[in-house]
Asks: 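Could you have a look at this structure, given as C-alpha coordinates, before my questions?
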Amino acid sequence: MIHGNNEIIRVTDLHKSFGSLQVLAGVSQTVYEGEVISIIGPSGSGKSTFLRCLNLLERPDSGSILFKGEEVTGKRYPIDAYRQKIGMVFQHFNVFPHLKVIDNITISPRLEKKMDRKKAEQMAEDLLNRVGLFDKRDEYPTRLSGGQKQRLAIVRALAMEPQVMLFDEPTSALDPEMVKEVLDVISELAQGGMTTLVVTHEMGFAKQVSDRVLFIDEGRIMEEGTPKDVFENPKSERCRDFLNKVLF
Amino acid sequence: MLQVIASIWQKYGYVYIQGAWGTVYIAVLTVVFGTILGTLLTFVRLSRSKILQNIIKAYVWVLRGTPALLQIYFFYFFVPKYIPFEMSERACIILALVVNASAYVEEVIRAGIEAVDRGQTEAARSLGMTPRHTMFRITMPQAIKNILPALGNEFIVMIKEASLASIFFIVEITSAFKTVQSATFITIPALMISGAEYLLLTTLLSQLMKLVEKRLKRNDSRQ
(Lines give C-alpha, C1' and ligand atoms only; values in the text may rest on other atoms or scores of the structure.)
Protein backbone atom coordinates (compact mmCIF):
# COMPACT_ATOMS: atom_id res chain seq x y z
CA MET A 1 0.00 0.00 0.00
CA ILE A 2 3.02 2.21 -0.15
CA HIS A 3 3.08 4.40 -3.17
CA GLY A 4 5.34 7.04 -4.52
CA ASN A 5 4.32 10.38 -5.88
CA ASN A 6 4.38 9.38 -9.52
CA GLU A 7 1.07 10.28 -10.99
CA ILE A 8 -0.21 7.68 -13.43
CA ILE A 9 -3.68 8.86 -14.38
CA ARG A 10 -4.98 12.40 -14.21
CA VAL A 11 -8.59 13.00 -15.05
CA THR A 12 -9.87 16.53 -15.50
CA ASP A 13 -13.48 17.63 -15.70
CA LEU A 14 -14.86 14.49 -17.33
CA HIS A 15 -18.37 14.72 -18.76
CA LYS A 16 -20.44 11.95 -20.26
CA SER A 17 -24.10 11.75 -21.22
CA PHE A 18 -26.17 8.94 -22.64
CA GLY A 19 -28.82 10.74 -24.66
CA SER A 20 -30.35 13.31 -22.35
CA LEU A 21 -29.10 11.54 -19.24
CA GLN A 22 -25.98 13.10 -17.81
CA VAL A 23 -23.94 10.36 -16.14
CA LEU A 24 -20.69 12.16 -15.44
CA ALA A 25 -20.99 15.81 -14.56
CA GLY A 26 -17.39 16.89 -14.26
CA VAL A 27 -15.16 14.36 -12.57
CA SER A 28 -11.57 15.24 -11.76
CA GLN A 29 -9.14 12.97 -10.00
CA THR A 30 -5.48 12.05 -9.91
CA VAL A 31 -4.32 8.50 -9.36
CA TYR A 32 -0.78 7.77 -8.20
CA GLU A 33 1.27 4.71 -8.98
CA GLY A 34 0.60 1.86 -6.59
CA GLU A 35 -2.51 3.45 -5.17
CA VAL A 36 -5.57 1.40 -4.32
CA ILE A 37 -8.79 3.33 -4.75
CA SER A 38 -12.29 2.14 -3.98
CA ILE A 39 -15.19 3.85 -5.66
CA ILE A 40 -18.50 3.63 -3.86
CA GLY A 41 -21.90 5.18 -4.37
CA PRO A 42 -25.52 4.42 -5.16
CA SER A 43 -26.37 2.53 -8.34
CA GLY A 44 -26.70 4.73 -11.39
CA SER A 45 -24.40 7.31 -9.87
CA GLY A 46 -21.84 7.09 -12.66
CA LYS A 47 -19.12 5.09 -10.92
CA SER A 48 -19.01 2.34 -13.54
CA THR A 49 -19.10 4.87 -16.35
CA PHE A 50 -16.18 6.68 -14.76
CA LEU A 51 -14.20 3.44 -14.67
CA ARG A 52 -15.15 2.58 -18.24
CA CYS A 53 -14.03 6.00 -19.43
CA LEU A 54 -10.58 5.35 -18.03
CA ASN A 55 -9.87 2.65 -20.62
CA LEU A 56 -12.07 4.34 -23.20
CA LEU A 57 -14.74 1.64 -23.34
CA GLU A 58 -16.88 4.76 -23.06
CA ARG A 59 -15.72 7.88 -24.82
CA PRO A 60 -16.08 10.93 -22.60
CA ASP A 61 -17.95 13.83 -24.19
CA SER A 62 -15.48 16.30 -22.79
CA GLY A 63 -12.65 16.53 -20.33
CA SER A 64 -9.20 15.07 -20.39
CA ILE A 65 -7.53 11.86 -19.32
CA LEU A 66 -3.76 11.90 -19.02
CA PHE A 67 -1.93 8.60 -18.75
CA LYS A 68 1.61 9.29 -17.55
CA GLY A 69 1.25 12.77 -18.92
CA GLU A 70 -0.12 11.73 -22.30
CA GLU A 71 -3.59 12.70 -23.43
CA VAL A 72 -5.45 9.52 -24.39
CA THR A 73 -8.85 10.83 -25.46
CA GLY A 74 -7.63 12.07 -28.84
CA LYS A 75 -9.17 10.41 -31.88
CA ARG A 76 -5.79 9.34 -33.22
CA TYR A 77 -4.38 8.00 -29.98
CA PRO A 78 -3.45 4.28 -30.36
CA ILE A 79 -6.27 2.94 -28.27
CA ASP A 80 -5.42 -0.79 -28.41
CA ALA A 81 -1.88 -0.24 -27.19
CA TYR A 82 -3.24 1.97 -24.41
CA ARG A 83 -5.78 -0.63 -23.28
CA GLN A 84 -3.02 -3.22 -23.02
CA LYS A 85 -1.66 -1.14 -20.16
CA ILE A 86 -5.03 -0.92 -18.40
CA GLY A 87 -6.51 -4.24 -17.31
CA MET A 88 -10.21 -4.50 -16.66
CA VAL A 89 -12.37 -7.01 -14.82
CA PHE A 90 -16.13 -6.99 -15.29
CA GLN A 91 -19.10 -7.77 -13.12
CA HIS A 92 -20.18 -10.60 -15.40
CA PHE A 93 -16.68 -12.04 -15.88
CA ASN A 94 -16.94 -12.10 -19.69
CA VAL A 95 -14.57 -15.04 -19.98
CA PHE A 96 -14.44 -16.47 -23.50
CA PRO A 97 -16.69 -19.56 -23.49
CA HIS A 98 -15.29 -21.00 -26.73
CA LEU A 99 -11.70 -21.10 -25.46
CA LYS A 100 -10.11 -23.37 -22.88
CA VAL A 101 -9.01 -21.75 -19.63
CA ILE A 102 -5.38 -21.63 -20.77
CA ASP A 103 -6.32 -20.13 -24.15
CA ASN A 104 -8.46 -17.49 -22.47
CA ILE A 105 -5.24 -16.23 -20.93
CA THR A 106 -2.83 -16.69 -23.82
CA ILE A 107 -4.95 -15.38 -26.68
CA SER A 108 -4.32 -11.68 -26.21
CA PRO A 109 -0.56 -11.79 -25.52
CA ARG A 110 -0.12 -14.14 -28.46
CA LEU A 111 -2.16 -12.02 -30.85
CA GLU A 112 -1.27 -8.56 -29.73
CA LYS A 113 2.23 -8.97 -28.31
CA LYS A 114 3.28 -11.72 -30.71
CA MET A 115 4.38 -13.81 -27.76
CA ASP A 116 5.20 -17.36 -28.82
CA ARG A 117 2.93 -20.13 -27.61
CA LYS A 118 5.40 -21.73 -25.27
CA LYS A 119 6.27 -18.56 -23.47
CA ALA A 120 2.63 -17.51 -23.27
CA GLU A 121 1.56 -20.85 -21.84
CA GLN A 122 4.37 -20.81 -19.32
CA MET A 123 3.23 -17.42 -18.14
CA ALA A 124 -0.42 -18.49 -18.12
CA GLU A 125 0.42 -21.54 -16.01
CA ASP A 126 2.23 -19.37 -13.50
CA LEU A 127 -0.79 -17.10 -13.30
CA LEU A 128 -3.18 -20.04 -12.92
CA ASN A 129 -1.03 -21.38 -10.09
CA ARG A 130 -1.15 -18.03 -8.41
CA VAL A 131 -4.97 -18.10 -8.23
CA GLY A 132 -5.30 -21.83 -7.60
CA LEU A 133 -6.74 -22.74 -10.98
CA PHE A 134 -3.91 -24.77 -12.44
CA ASP A 135 -5.95 -27.97 -12.43
CA LYS A 136 -8.55 -26.25 -14.65
CA ARG A 137 -5.96 -25.52 -17.32
CA ASP A 138 -7.66 -27.53 -20.07
CA GLU A 139 -11.29 -27.07 -19.07
CA TYR A 140 -13.78 -24.84 -20.82
CA PRO A 141 -15.03 -21.96 -18.66
CA THR A 142 -18.59 -23.38 -18.48
CA ARG A 143 -17.14 -25.95 -16.09
CA LEU A 144 -16.02 -23.25 -13.67
CA SER A 145 -17.92 -21.70 -10.77
CA GLY A 146 -18.54 -17.96 -10.73
CA GLY A 147 -15.65 -17.34 -8.39
CA GLN A 148 -13.33 -19.39 -10.57
CA LYS A 149 -14.48 -17.55 -13.69
CA GLN A 150 -13.75 -14.23 -12.06
CA ARG A 151 -10.29 -15.35 -10.94
CA LEU A 152 -9.69 -16.48 -14.52
CA ALA A 153 -10.83 -13.08 -15.78
CA ILE A 154 -8.37 -11.40 -13.41
CA VAL A 155 -5.36 -13.41 -14.57
CA ARG A 156 -6.44 -13.03 -18.18
CA ALA A 157 -6.12 -9.28 -17.69
CA LEU A 158 -2.80 -9.68 -15.85
CA ALA A 159 -1.37 -11.62 -18.78
CA MET A 160 -1.06 -8.33 -20.67
CA GLU A 161 1.10 -7.01 -17.82
CA PRO A 162 -1.02 -3.92 -17.23
CA GLN A 163 0.13 -0.99 -15.14
CA VAL A 164 -3.34 -0.28 -13.80
CA MET A 165 -6.19 -2.65 -12.97
CA LEU A 166 -9.83 -1.61 -13.08
CA PHE A 167 -12.44 -3.73 -11.33
CA ASP A 168 -16.07 -3.00 -12.14
CA GLU A 169 -18.14 -4.53 -9.33
CA PRO A 170 -16.10 -7.72 -9.49
CA THR A 171 -18.13 -9.58 -6.85
CA SER A 172 -21.67 -8.33 -7.51
CA ALA A 173 -22.65 -11.30 -9.65
CA LEU A 174 -21.16 -13.92 -7.34
CA ASP A 175 -22.81 -16.26 -4.90
CA PRO A 176 -21.96 -15.11 -1.38
CA GLU A 177 -19.64 -18.01 -0.64
CA MET A 178 -17.45 -17.10 -3.59
CA VAL A 179 -16.96 -13.44 -2.82
CA LYS A 180 -14.00 -13.96 -0.53
CA GLU A 181 -11.88 -15.98 -2.94
CA VAL A 182 -12.12 -13.19 -5.48
CA LEU A 183 -11.54 -10.37 -3.00
CA ASP A 184 -8.49 -12.23 -1.70
CA VAL A 185 -6.96 -12.24 -5.16
CA ILE A 186 -7.65 -8.53 -5.60
CA SER A 187 -6.19 -7.73 -2.15
CA GLU A 188 -3.09 -9.69 -2.90
CA LEU A 189 -2.66 -7.87 -6.16
CA ALA A 190 -3.21 -4.50 -4.51
CA GLN A 191 -0.73 -5.28 -1.78
CA GLY A 192 1.77 -6.30 -4.41
CA GLY A 193 1.81 -2.71 -5.61
CA MET A 194 -0.59 -2.82 -8.54
CA THR A 195 -2.37 0.47 -9.13
CA THR A 196 -5.97 -0.54 -8.57
CA LEU A 197 -9.38 1.09 -8.94
CA VAL A 198 -12.35 -0.91 -7.69
CA VAL A 199 -16.00 -0.03 -8.02
CA THR A 200 -17.51 -2.02 -5.21
CA HIS A 201 -20.40 -2.53 -2.86
CA GLU A 202 -18.22 -4.51 -0.45
CA MET A 203 -17.68 -1.81 2.14
CA GLY A 204 -15.63 -4.02 4.45
CA PHE A 205 -13.26 -4.73 1.61
CA ALA A 206 -13.07 -1.06 0.61
CA LYS A 207 -12.27 -0.14 4.18
CA GLN A 208 -9.60 -2.74 4.47
CA VAL A 209 -7.59 -2.50 1.27
CA SER A 210 -7.95 1.01 -0.08
CA ASP A 211 -5.63 3.93 0.32
CA ARG A 212 -8.43 6.18 -0.74
CA VAL A 213 -12.17 5.99 -1.12
CA LEU A 214 -14.19 8.03 -3.60
CA PHE A 215 -17.89 8.50 -3.07
CA ILE A 216 -19.61 9.27 -6.34
CA ASP A 217 -23.19 10.46 -6.66
CA GLU A 218 -25.03 12.16 -9.52
CA GLY A 219 -21.96 12.03 -11.70
CA ARG A 220 -19.70 13.86 -9.29
CA ILE A 221 -17.16 12.89 -6.69
CA MET A 222 -19.01 14.07 -3.61
CA GLU A 223 -16.52 12.93 -1.08
CA GLU A 224 -13.02 11.52 -1.01
CA GLY A 225 -10.43 10.61 1.54
CA THR A 226 -8.88 7.77 3.48
CA PRO A 227 -11.25 4.94 4.36
CA LYS A 228 -11.24 6.28 7.88
CA ASP A 229 -12.30 9.75 6.75
CA VAL A 230 -15.05 8.57 4.48
CA PHE A 231 -16.49 5.72 6.48
CA GLU A 232 -16.19 7.08 9.98
CA ASN A 233 -16.54 10.74 9.42
CA PRO A 234 -18.39 11.47 6.18
CA LYS A 235 -18.77 15.17 5.62
CA SER A 236 -21.59 15.25 3.09
CA GLU A 237 -25.22 14.49 3.86
CA ARG A 238 -25.46 12.21 0.82
CA CYS A 239 -22.54 10.08 1.80
CA ARG A 240 -23.85 9.72 5.34
CA ASP A 241 -27.24 8.69 3.94
CA PHE A 242 -25.67 6.19 1.63
CA LEU A 243 -23.47 4.64 4.30
CA ASN A 244 -26.44 4.38 6.64
CA LYS A 245 -28.29 2.34 4.05
CA VAL A 246 -25.58 -0.18 3.26
CA LEU A 247 -24.41 -3.04 5.38
CA PHE A 248 -20.85 -3.55 6.41
CA MET B 1 -52.63 -43.22 -58.65
CA LEU B 2 -49.42 -45.05 -57.85
CA GLN B 3 -49.68 -46.86 -61.16
CA VAL B 4 -50.02 -43.61 -63.06
CA ILE B 5 -47.05 -42.19 -61.22
CA ALA B 6 -45.02 -45.30 -62.00
CA SER B 7 -45.83 -45.16 -65.66
CA ILE B 8 -45.08 -41.47 -65.92
CA TRP B 9 -41.76 -42.08 -64.18
CA GLN B 10 -40.99 -44.92 -66.59
CA LYS B 11 -41.56 -42.77 -69.61
CA TYR B 12 -40.47 -39.35 -68.41
CA GLY B 13 -38.07 -40.21 -65.63
CA TYR B 14 -35.19 -38.65 -67.55
CA VAL B 15 -37.04 -35.32 -67.65
CA TYR B 16 -37.36 -35.34 -63.88
CA ILE B 17 -33.75 -36.38 -63.41
CA GLN B 18 -32.57 -33.61 -65.70
CA GLY B 19 -34.85 -31.29 -63.77
CA ALA B 20 -33.36 -32.40 -60.47
CA TRP B 21 -29.85 -31.72 -61.76
CA GLY B 22 -31.02 -28.33 -62.96
CA THR B 23 -32.37 -27.46 -59.54
CA VAL B 24 -29.24 -28.74 -57.81
CA TYR B 25 -27.08 -26.67 -60.18
CA ILE B 26 -29.05 -23.48 -59.60
CA ALA B 27 -29.35 -24.07 -55.85
CA VAL B 28 -25.67 -24.88 -55.31
CA LEU B 29 -24.56 -21.75 -57.15
CA THR B 30 -27.11 -19.67 -55.27
CA VAL B 31 -26.09 -21.10 -51.90
CA VAL B 32 -22.36 -20.73 -52.50
CA PHE B 33 -22.30 -17.29 -54.08
CA GLY B 34 -25.25 -16.01 -52.05
CA THR B 35 -23.39 -16.94 -48.88
CA ILE B 36 -20.11 -15.41 -50.02
CA LEU B 37 -21.78 -12.19 -51.13
CA GLY B 38 -23.95 -12.08 -48.01
CA THR B 39 -20.90 -12.52 -45.77
CA LEU B 40 -19.07 -9.71 -47.53
CA LEU B 41 -22.11 -7.50 -47.16
CA THR B 42 -22.22 -8.26 -43.43
CA PHE B 43 -18.68 -7.00 -42.97
CA VAL B 44 -19.44 -3.87 -44.92
CA ARG B 45 -22.57 -3.35 -42.80
CA LEU B 46 -20.54 -3.78 -39.61
CA SER B 47 -17.93 -1.28 -40.75
CA ARG B 48 -17.82 2.14 -39.19
CA SER B 49 -18.82 4.10 -42.27
CA LYS B 50 -22.40 5.33 -41.90
CA ILE B 51 -22.68 5.73 -45.67
CA LEU B 52 -21.69 2.12 -46.37
CA GLN B 53 -24.01 0.90 -43.61
CA ASN B 54 -26.92 2.75 -45.17
CA ILE B 55 -26.15 1.44 -48.64
CA ILE B 56 -26.35 -2.12 -47.35
CA LYS B 57 -29.48 -1.33 -45.38
CA ALA B 58 -31.13 -0.01 -48.54
CA TYR B 59 -29.95 -3.05 -50.51
CA VAL B 60 -31.48 -5.43 -47.98
CA TRP B 61 -34.61 -3.30 -47.72
CA VAL B 62 -35.27 -3.50 -51.45
CA LEU B 63 -34.42 -7.18 -51.85
CA ARG B 64 -36.41 -8.36 -48.89
CA GLY B 65 -39.31 -6.05 -49.62
CA THR B 66 -39.95 -7.10 -53.21
CA PRO B 67 -40.82 -10.53 -54.58
CA ALA B 68 -37.98 -12.69 -55.85
CA LEU B 69 -39.94 -13.16 -59.07
CA LEU B 70 -39.97 -9.44 -59.72
CA GLN B 71 -36.22 -9.35 -59.15
CA ILE B 72 -35.74 -12.18 -61.62
CA TYR B 73 -37.73 -10.28 -64.25
CA PHE B 74 -35.55 -7.26 -63.60
CA PHE B 75 -32.33 -9.19 -64.10
CA TYR B 76 -33.78 -11.09 -67.04
CA PHE B 77 -34.74 -7.98 -68.99
CA PHE B 78 -32.28 -5.44 -67.68
CA VAL B 79 -28.91 -7.09 -67.28
CA PRO B 80 -28.44 -8.56 -70.80
CA LYS B 81 -29.12 -5.14 -72.34
CA TYR B 82 -26.51 -3.28 -70.39
CA ILE B 83 -23.57 -5.61 -70.13
CA PRO B 84 -20.93 -5.82 -72.84
CA PHE B 85 -20.79 -9.63 -72.91
CA GLU B 86 -23.28 -12.36 -73.66
CA MET B 87 -25.16 -13.77 -70.70
CA SER B 88 -27.46 -16.78 -70.87
CA GLU B 89 -31.01 -16.63 -69.54
CA ARG B 90 -30.07 -19.13 -66.90
CA ALA B 91 -27.10 -17.04 -65.81
CA CYS B 92 -29.34 -13.99 -65.44
CA ILE B 93 -31.77 -15.91 -63.29
CA ILE B 94 -29.02 -17.39 -61.13
CA LEU B 95 -27.55 -13.93 -60.71
CA ALA B 96 -30.93 -12.65 -59.54
CA LEU B 97 -31.26 -15.53 -57.08
CA VAL B 98 -27.72 -14.96 -55.76
CA VAL B 99 -28.40 -11.28 -55.19
CA ASN B 100 -31.71 -12.09 -53.52
CA ALA B 101 -30.14 -14.74 -51.31
CA SER B 102 -27.28 -12.45 -50.28
CA ALA B 103 -29.71 -10.05 -48.61
CA TYR B 104 -31.17 -12.82 -46.46
CA VAL B 105 -27.75 -14.28 -45.66
CA GLU B 106 -26.54 -10.83 -44.61
CA GLU B 107 -29.43 -10.55 -42.16
CA VAL B 108 -28.83 -14.05 -40.76
CA ILE B 109 -25.11 -13.53 -40.20
CA ARG B 110 -25.51 -10.05 -38.78
CA ALA B 111 -28.21 -11.22 -36.38
CA GLY B 112 -25.96 -14.11 -35.33
CA ILE B 113 -23.06 -11.77 -34.64
CA GLU B 114 -25.23 -9.28 -32.78
CA ALA B 115 -26.62 -12.06 -30.59
CA VAL B 116 -23.18 -12.64 -29.08
CA ASP B 117 -23.02 -10.99 -25.66
CA ARG B 118 -21.61 -7.46 -25.92
CA GLY B 119 -19.49 -8.22 -22.87
CA GLN B 120 -17.38 -10.53 -25.03
CA THR B 121 -16.39 -7.71 -27.34
CA GLU B 122 -15.79 -5.38 -24.40
CA ALA B 123 -13.58 -7.93 -22.67
CA ALA B 124 -11.54 -8.50 -25.81
CA ARG B 125 -11.15 -4.80 -26.51
CA SER B 126 -10.25 -4.10 -22.88
CA LEU B 127 -7.37 -6.56 -23.27
CA GLY B 128 -6.12 -4.42 -26.12
CA MET B 129 -7.23 -6.76 -28.89
CA THR B 130 -7.73 -5.06 -32.24
CA PRO B 131 -11.24 -4.86 -33.72
CA ARG B 132 -10.23 -7.41 -36.36
CA HIS B 133 -8.90 -9.95 -33.87
CA THR B 134 -11.93 -9.38 -31.68
CA MET B 135 -14.25 -10.12 -34.59
CA PHE B 136 -12.47 -13.18 -35.96
CA ARG B 137 -11.15 -14.79 -32.78
CA ILE B 138 -13.83 -13.93 -30.23
CA THR B 139 -17.15 -12.93 -31.77
CA MET B 140 -17.31 -14.98 -34.96
CA PRO B 141 -16.50 -18.39 -33.42
CA GLN B 142 -19.37 -17.83 -30.98
CA ALA B 143 -21.73 -16.44 -33.62
CA ILE B 144 -21.36 -19.51 -35.85
CA LYS B 145 -23.56 -21.48 -33.47
CA ASN B 146 -26.36 -18.96 -33.90
CA ILE B 147 -25.81 -18.60 -37.62
CA LEU B 148 -25.71 -22.20 -38.86
CA PRO B 149 -29.28 -23.32 -38.09
CA ALA B 150 -30.77 -20.15 -39.57
CA LEU B 151 -28.50 -20.41 -42.58
CA GLY B 152 -29.71 -23.98 -43.14
CA ASN B 153 -33.26 -22.66 -43.37
CA GLU B 154 -32.15 -20.11 -45.93
CA PHE B 155 -30.52 -22.84 -48.01
CA ILE B 156 -33.81 -24.74 -48.09
CA VAL B 157 -35.61 -21.61 -49.21
CA MET B 158 -33.01 -21.23 -51.97
CA ILE B 159 -33.68 -24.74 -53.28
CA LYS B 160 -37.38 -23.99 -53.45
CA GLU B 161 -36.91 -20.57 -55.00
CA ALA B 162 -35.04 -22.13 -57.88
CA SER B 163 -38.52 -23.19 -59.01
CA LEU B 164 -39.08 -19.60 -60.13
CA ALA B 165 -36.77 -20.38 -63.04
CA SER B 166 -39.57 -22.57 -64.44
CA ILE B 167 -41.38 -19.42 -65.51
CA PHE B 168 -38.58 -18.91 -68.01
CA PHE B 169 -38.49 -22.60 -68.93
CA ILE B 170 -35.05 -23.14 -67.48
CA VAL B 171 -34.50 -26.84 -66.80
CA GLU B 172 -35.28 -27.61 -63.17
CA ILE B 173 -37.80 -29.63 -61.18
CA THR B 174 -40.88 -27.46 -61.62
CA SER B 175 -40.16 -27.08 -65.35
CA ALA B 176 -39.97 -30.87 -65.52
CA PHE B 177 -43.49 -31.04 -64.17
CA LYS B 178 -44.67 -28.49 -66.75
CA THR B 179 -43.03 -30.44 -69.57
CA VAL B 180 -44.55 -33.75 -68.52
CA GLN B 181 -47.93 -32.21 -67.81
CA SER B 182 -48.19 -30.62 -71.23
CA ALA B 183 -47.08 -33.84 -72.92
CA THR B 184 -49.46 -36.12 -71.03
CA PHE B 185 -52.24 -33.85 -69.73
CA ILE B 186 -51.88 -35.68 -66.42
CA THR B 187 -51.51 -33.11 -63.69
CA ILE B 188 -51.62 -34.37 -60.12
CA PRO B 189 -49.39 -37.43 -60.46
CA ALA B 190 -46.87 -35.42 -62.48
CA LEU B 191 -46.90 -32.80 -59.78
CA MET B 192 -46.35 -35.35 -57.07
CA ILE B 193 -43.15 -36.60 -58.60
CA SER B 194 -41.75 -33.05 -58.63
CA GLY B 195 -42.87 -32.62 -55.05
CA ALA B 196 -41.12 -35.82 -54.02
CA GLU B 197 -37.92 -34.61 -55.66
CA TYR B 198 -38.03 -31.35 -53.72
CA LEU B 199 -38.67 -33.25 -50.49
CA LEU B 200 -35.72 -35.51 -51.19
CA LEU B 201 -33.38 -32.56 -51.81
CA THR B 202 -34.53 -30.49 -48.84
CA THR B 203 -34.42 -33.51 -46.52
CA LEU B 204 -30.90 -34.37 -47.64
CA LEU B 205 -29.85 -30.79 -47.05
CA SER B 206 -31.36 -30.52 -43.59
CA GLN B 207 -29.78 -33.83 -42.58
CA LEU B 208 -26.45 -32.50 -43.81
CA MET B 209 -26.88 -29.30 -41.80
CA LYS B 210 -27.76 -31.33 -38.70
CA LEU B 211 -24.58 -33.32 -39.16
CA VAL B 212 -22.47 -30.18 -39.45
CA GLU B 213 -24.06 -28.70 -36.33
CA LYS B 214 -23.49 -31.91 -34.41
CA ARG B 215 -19.87 -31.98 -35.52
CA LEU B 216 -19.44 -28.45 -34.32
CA LYS B 217 -20.92 -29.29 -30.95
CA ARG B 218 -18.74 -32.33 -30.53
CA ASN B 219 -15.64 -30.28 -31.25
CA ASP B 220 -16.20 -28.22 -28.16
CA SER B 221 -17.59 -29.43 -24.91
CA ARG B 222 -18.92 -26.06 -23.88
CA GLN B 223 -22.54 -26.48 -25.05
Side-chain angles (χ1 to χ4, degrees), chain A residues 48 51-52 54-58 75 78-101 103-114 138-144 149 152-162 164-168 173, chain B residues 39 42-43 46-53 108-152 209 211-223:
Chain A
S48 283
L51 207 65
R52 289 162 62 83
L54 293 182
N55 74 349
L56 303 174
L57 275 184
E58 304 292 351
K75 276 225 151 42
I79 198 168
D80 298 321
Y82 170 63
R83 286 187 178 131
Q84 289 173 20
K85 299 176 208 155
I86 314 279
M88 182 150 189
V89 172
F90 301 85
Q91 181 178 357
H92 295 289
F93 330 133
N94 299 345
V95 291
F96 303 133
H98 62 301
L99 298 176
K100 285 179 181 169
V101 165
D103 299 326
N104 260 273
I105 303 172
T106 57
I107 187 167
S108 46
R110 286 184 60 198
L111 285 176
E112 309 305 338
K113 291 188 163 176
K114 309 288 172 222
D138 294 311
E139 298 273 14
Y140 283 95
T142 29
R143 298 287 188 85
L144 304 184
K149 279 183 193 161
L152 170 59
I154 293 171
V155 290
R156 177 180 66 178
L158 291 178
M160 294 304 277
E161 299 177 314
V164 179
M165 281 291 284
L166 310 175
F167 294 89
D168 189 5
Chain B
T39 309
T42 310
F43 289 122
L46 293 173
S47 76
R48 271 194 222 155
S49 156
K50 272 263 171 333
I51 300 167
L52 287 175
Q53 282 175 21
V108 164
I109 296 180
R110 190 180 50 82
I113 288 173
E114 283 176 354
V116 175
D117 181 12
R118 242 177 58 122
Q120 292 290 310
T121 307
E122 287 190 347
R125 297 306 308 276
S126 80
L127 288 164
M129 286 174 73
T130 61
R132 176 178 296 261
H133 284 150
T134 302
M135 174 56 71
F136 288 103
R137 305 300 289 270
I138 303 299
T139 310
M140 263 307 210
Q142 295 182 61
I144 290 285
K145 276 196 310 185
N146 311 327
I147 292 170
L148 269 186
L151 209 53
M209 292 305 289
L211 214 71
V212 174
E213 278 169 43
K214 224 172 164 179
R215 243 329 229 287
L216 216 71
K217 260 191 194 145
R218 205 181 333 133
N219 279 346
D220 67 70
S221 52
R222 64 206 144 101
Q223 291 302 309

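Lettering follows sequence order; numbering is per chain, from 1.
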Asks: Over all heavy atoms of both residues, which pair between A:Arg156 and B:Ala123 is shortest? Give the atoms and the distance, please.
Replies: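 Heavy-atom minimum between the residues: NH2-CB, 3.5 Å.
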Asks: Any donor and acceptor pair, going by atom type alone, linking the side chain of A:Asn55 with main-chain N or O of B:Ser126 inside 3.5 Å?
Replies: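 Not a single qualifying donor-acceptor pair exists.
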Asks: In terms of heavy-atom proximity below 4.5 Å to chain B, should A:Ile79 be classed as side chain, backbone, both, or neither?
Replies: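 When you check distances to chain B, only side chain atoms of A:Ile79 fall under 4.5 Å.
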Asks: List in chain and number order the residues that pass salt bridge (Lys or Arg N to Asp or Glu O under 4.0 Å) with B:Arg125, two or more places apart in sequence or in another chain; answer none if no residue qualifies.
Replies: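 By the salt bridge (Lys or Arg N to Asp or Glu O under 4.0 Å) rule, B:Arg125 matches A:Asp80.
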Asks: Salt bridge (Lys or Arg N to Asp or Glu O under 4.0 Å) with A:Arg52: which residues, sequence neighbours excluded?
Replies: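 Per chain and number, A:Arg52 pairs via salt bridge (Lys or Arg N to Asp or Glu O under 4.0 Å) with A:Glu58, B:Glu122.
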Asks: Between B:Arg132 and chain A, with a heavy-atom cut-off of 4.5 Å, which part of the residue counts as in contact: side chain, backbone, both or neither?
Replies: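 Neither part.
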Asks: From B:Leu127 CG over to A:Leu111 CG, what is the distance, rounded to the nearest 0.5 angstrom?
Replies: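 If I round to the nearest 0.5 Å, the distance is 10.5 Å.
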Asks: I'd like to know whether CZ of B:Arg137 has more than 12 heavy-atom contacts from other residues, nucleotides or ligands below 6.0 angstrom.
Replies: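 Result for CZ/B:Arg137: open.
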Asks: Counting only heavy atoms closer than 4.5 Å, note whether A:Met160 contacts chain B via side chain, backbone, both or neither.
Replies: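 A:Met160 touches chain B through side-chain heavy atoms alone.
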Asks: In terms of heavy-atom proximity below 4.5 Å to chain B, should A:Leu56 be classed as side chain, backbone, both, or neither?
Replies: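 Contact with chain B: none, neither part.
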Asks: Identify which part of A:Val89 has an atom lying under 4.5 Å from any heavy atom of chain B, answering side chain, backbone, both or neither.
Replies: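 For A:Val89, there is no contact with chain B at all, as no heavy atom is under 4.5 Å.
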Asks: Given heavy-atom pairs under 4.5 angstrom as the criterion, report whether the side chain, backbone, both or neither of A:Phe96 touches chain B.
Replies: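 Answer is both: backbone and side chain atoms of A:Phe96 are under 4.5 Å from chain B.
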Asks: Could you tell me which non-hydrogen atom of A:Gln84 sits nearest to which non-hydrogen atom of B:Gly128, and how far apart they are?
Replies: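 Smallest interatomic distance, heavy atoms only, reads NE2-O, 3.5 Å.
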Asks: So which atom in B:Pro141 and which in A:His98 form the shortest heavy-atom distance, rounded to 0.1 Å?
Replies: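 Between these two residues, the closest heavy atoms are CB-CD2, 3.5 Å.
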Asks: Count the heavy atoms belonging to other residues, nucleotides or ligands that lie under 6.0 Å from NZ of B:Lys50, then report whether that count exceeds 12.
Replies: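 No, the 6.0 Å shell around NZ holds no more than 12 heavy atoms from other groups.
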Asks: To the nearest 0.5 angstrom, please state how far the CZ atom of A:Arg83 sits from the OG1 atom of B:Thr130.
Replies: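 The distance works out to 11.0 Å.
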